[in-house]
Amino acid sequence: MELPEATNFIEQYINEDLASGKYEGRGNQIVVRFPPEPNGYLHIGHVKALCINFGVKEKYNGKINLRMDDTNPAKEDYEYVNSIIDAVKWLGFEYDNLFFASDYYDKLYEIAEKYIMDGNAYVCDLTAEEITATRGTLTEAGKESPYRNRSVEENLKLFREMRDGVYPDGAKVLRAKIDMSSPNINMRDPVIYRIAHVPHYRQGDKWCIYPMYDFAHPVSDALEGITHSLCSLEFENHRPLYDWVIEKAGFAQPVPRQIEFARLNITNTLMSKRYLKKLVDEGFVSGWDDPRMPTLMGLKNRGVPPMALRKFCADVGVAKNYGVVNIAQLEECVRDELNTTAERAMAVTDPVKLTITNYEGEEELDFEKNPTDGSGATRPVKFTGSVYIEKSDFALEPPPKFKRLFKGGYVRLKAAYIVRCDDVVLDEKGEVKEILCTYFPETRSGSEVKSEVKAKGVIQWVDAKYGKDAEFVTYKPLLKDEEYPDQDYAERLNCDSIRITEGKVEPYAAESSDKSFQLMRTGYYKACGCASGKARLSEIVSLKDNFNK
RNA sequence: UGGGGUGUCGCCAAGCGGUAAGGCACGGGAUUUUGAUUCCCGCAUUCGUAGGUUCAAAUCCUGCCACCCCAGCCA
């Protein structure tokens, strides 16, 4: 059998399993799943798991299920399942099935009764506190529950009464009967069913007992015929329990195999749902889709192309080392993707007026949409000889090797003409108020005419007459230093992803649904490409806040 | 200090007994109507550490050290 070349340890395991012939009865089909709990929004950390799972599906021509791991009714809702589905689709992933763990409640219940009848589970009356107290510690074994040896009949009766709503929340639980002295605390008779008189968003009032993750997850995997259950490192300690649950449930071989990998961490990026929620709840951001949030909705609104996120995950790779990827690596992927796909636009964020004294009338210039795609496609840009340029593109006292404009110097206005600065108008404070220039008609962009006039640099501009209609959306600082919810998180909060920029203003398109940004010059985001073509930054940038001072 | 994991360049990460891939970052040079892009070139005699086995070790063995995870009726 032809095995694809493994590029990470997970694929190595899969290849070994395939080579062993254990899936021959199933046509050697690999089946994986992506199992989020619909209790929140997907963020960039989830993209790694998505890429790994969908990557396996692609590579092995297998199947993948999107499964909502909805076993805790208190936290879950359709709002989240819809948002998760949208996010997965936005990333361009196509799953084979959409499943819900809650659809397995009947089967799960049946298996729980089997556990009882096989003597592998018992109803325990201990309170949550008592269970904790008798669980033992990292170094001491736990104590067996006094209810551990109830008869099968009694257990069955009690469990059915639990199901029928006879007991209040917390009165009883169903526990797996494993080993209270196991060095692995997860094996010390873990709770597998709890009572919760809470309606489920999909099952309504049908149940008042709900299965725990450690029980529901392996069973769900087995029911779906999952071959490889990929999850993050913190579940390594649960693997023996995962295997136990499947074995005692009596599933036929081959059963799913759990493999763990390190989750994604990015410098200065908050991946904790708890703190992200706090930002939303306390009004630090406009919502889960605020472009400063590391949620997929936020990244989308910020203009990050989905393919950039996928490339990022591919670049980062899969391993078991705890690592923190520098956000520069993500940014490079965004730039790379945008460089080849985004339409270019000119933008000015800190403007100063430049007037060409020998220019009259107005004209339309051709602006190349994307110099890297080879299409040569252009769009018209109006030019009236009176424009705004970036303040930093002009220097009263040019430093050595300065390539842009200064008095007596030449520069090209991108897609337009080369201009020479003849004079500068200063205001009462000595700040540059207006730059007066002469332009050279023969240097028109695209002109074949040879000119003696040369310019070392090229700068962006926005026409003073036609660029003014636009609106400029600015970021406000997210939090002041003393307002961080927790000092430990201050550093991580102070990050690019959620735009705590110490008051620094950065542009972003608020209305368009499909925005993108590009790092045009080292140090700051300047121009914006827009796939939808609706809002180019030259239109967004503006003028409102900055130009009328 | 019980158990489970992990330690390879500033950051990710290949490597699986035969003499350290790649990406990001960084530095240098060329091209350039974005100081962008593109393009070359440079960037670990060394793999947590101390020993051992071997002709040969990041890869095998042993002992240390460091960091992460586990005591929810969350997932």
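By convention in this document, chain letters (A, B, ...) are assigned in the order of the sequence lines, proteins followed by strands, and residues within each chain are numbered from 1.
- Note on A:R202 versus A:D103: salt bridge recorded, some NZ/NE/NH1/NH2 to OD/OE distance being below 4.0 Å.
- With hydrogens and angles ignored, no donor-acceptor pair closer than 3.5 Å exists between the side chain of A:E236 and the base of B:G4.
- Separating the C1' atom of B:U1 from that of B:C43 is a span of 43 Å, rounded to the nearest Å.
- The shortest heavy-atom contact between A:P4 and A:N15 is O-ND2, 2.9 Å.
- The A:M212 side chain lies nearest to B:C74 when the options are B:C12, B:C69, B:C74.
- Contact annotation for A:E368: no contact, since no heavy-atom pair falls under 4.0 Å across all strands.
- Side-chain atoms of A:N237 and base atoms of B:G3 include a donor and an acceptor less than 3.5 Å apart.
- Counting only N and O atoms by type, the side chains of A:E224 and A:Y104 include a donor and acceptor under 3.5 Å apart.
- Within the nucleic acid shown, A:K401 comes within 4.0 Å of at least one base atom, counting heavy atoms only.
- Comparing the C1' positions of B:G22 and B:G15 gives an interatomic distance of 12 Å, to the nearest angstrom.
- The structure places CG of A:D17 at 6.5 Å from CD1 of A:I259, a figure rounded to the nearest 0.5 Å.
- In summary, the side chains of A:D214 and A:Y242 do not present any donor paired with an acceptor at a separation below 3.5 Å, with no hydrogens or angles considered.
- Here A:R175 lies out of heavy-atom contact (under 4.0 Å) with every strand.
- Candidate nucleotides B:G2, B:G5, B:C73 were compared by shortest atom distance to the side chain of A:V191, and B:C73 ranks first.
- Checking B:U6, B:C70, B:C24 against the side-chain heavy atoms of A:A328 singles out B:C24 as nearest.
- In this entry the distance linking CG of A:L42 with P of B:A75 reads 18 Å, nearest Å.
- For a distance-only test at 3.5 Å, the side chain of A:R239 fails to qualify as a donor-acceptor partner of the base of B:G4.
- Counting only heavy atoms from C-beta on, A:V458 has its side chain closest to B:G35 among B:C69, B:G35, B:C24.
- As judged by a 4.0 angstrom heavy-atom cut-off over every strand, A:K403 is placed among the base-contacting residues.
- B:G17 and B:C47: their C1' atoms are spaced 15 Å apart (whole Å).
- A:K320 has its NZ atom 10 Å from the P atom of B:G7, to the nearest Å.
- Among the protein residues, A:Y210 comes within range of no part of the nucleic acid, since none of its heavy atoms lies under 4.0 Å from any strand.
- Nucleotides of RNA chain B nearest to A:A319 and A:Y213 differ in position, and the one nearer the 5' end is that of A:A319.
- For the 3.5 Å distance criterion, the side chains of A:Y213 and A:N72 fail to qualify, holding no donor opposite an acceptor.
- Using cut-offs of 30° and 60° for the angle between ring planes, the A:F9 and A:Y13 rings count as perpendicular.
- The side chain of A:S445 has B:U33 as its nearest neighbour among B:A75, B:U33, B:U37.
- For B:U53 and B:C61, the P atoms lie 15 Å apart once the distance is rounded to whole Å.
- For the side-chain contact (heavy atoms from CB on, under 4.5 Å) test, residues two or more places apart in sequence or in another chain that qualify with A:S20 are A:K22.
- Residue contacts shown for A:P240 are absent, as no nucleic acid heavy atom lies under 4.0 Å away.
- The nearest whole Å value for the distance from the CG atom in A:N8 to the P atom in B:G23 is 19 Å.
- Across the C1' atoms, B:G4 and B:U45 are found 36 Å apart, a figure rounded to whole Å.
- Taking atom C1' on both nucleotides, B:U6 is separated from B:G28 by 37 Å, rounded to a whole Å.
- Note: CD1 (A:I459) to C1' (B:U32) measures 17 Å, nearest angstrom.
- Not one side-chain nitrogen or oxygen of A:Q258 sits closer than 4.0 Å to the OP1 or OP2 atom of B:G4.
- The nearest whole Å value for the distance from the CG atom in A:N265 to the P atom in B:C67 is 18 Å.
- The distance from the NZ atom of A:K59 to the CD atom of A:E5 is 7.0 Å, given to the nearest 0.5 Å.
- Using a 4.0 Å cutoff on non-hydrogen atoms, the parts of residues 126-146 of chain A near RNA chain B are A:L126, A:T127, A:A128, A:I131, A:T132, A:R135, A:G136, A:T137, A:L138, A:T139, ordered by number.
- Taking atom NZ on A:K369 and atom P on B:A36, their separation rounds to 26 Å, with Å as the unit.
- For the C1' atoms, the distance from B:G5 to B:U37 is 43 Å, rounded to whole Å.
- When both pairing distances are held under 3.5 Å, B:U19 makes no Watson-Crick or G-U pair with any nucleotide shown.
- Base pairing of B:G72 is not made with any nucleotide, judged by Watson-Crick or G-U wobble geometry with both donor-acceptor distances under 3.5 Å.
- When the C1' atom is used for both B:A44 and B:C12, the distance is 15 Å, rounded to whole Å.
- At a threshold of 4.0 angstrom between heavy atoms, the contacts of A:F402 include nucleobase atoms, whether or not backbone atoms are also involved.
- Between A:R335 and the phosphate of B:A25, there is a side-chain N or O to OP1/OP2 separation shorter than 4.0 Å.
- Picking from B:C12, B:A14, B:C24 the nucleotide with the shortest atom distance to the side chain of A:E332 gives B:C24.
- For B:G72, the base adopts the syn conformation, since its glycosidic angle falls within 90 degrees of zero.
- Across all strands shown, B:U6 forms a Watson-Crick or G-U wobble pair, both distances under 3.5 Å, with B:A66.
- The aromatic ring centroids of A:W244 and A:Y115 lie less than 6.0 Å from each other.
- A centroid separation of 6.0 Å or more is found between the aromatic rings of A:Y417 and A:F440.
- Counting non-hydrogen atoms under 4.0 angstrom, A:V173 reaches a base of the nucleic acid.
- Residue A:R194 has a polar side-chain atom (N or O) positioned under 4.0 Å from OP1 or OP2 of B:C74.
- In this structure, A:D125 atom CG and B:C73 atom P are separated by 15 Å, rounded to whole Å.
- Residues A:H200 and A:Y105 place their aromatic rings such that the two centres sit under 6.0 Å apart.
- For B:G7, the OP1/OP2 oxygens have a side-chain nitrogen or oxygen of A:N321 closer than 4.0 Å.
- Within the 4.0 angstrom heavy-atom criterion, no nucleotide atom of any strand lies near A:H217.
- A:G317 comes within 4.0 angstrom of no nucleic acid atom, judged by non-hydrogen atoms across all strands.
- The residue among A:A262 and A:P400 whose nearest nucleotide of RNA chain B lies closer to the 5′ end is A:A262.
- Between the CZ atom of A:F215 and the C1' atom of B:A75 there is a distance of 16 Å, given to the nearest Å.
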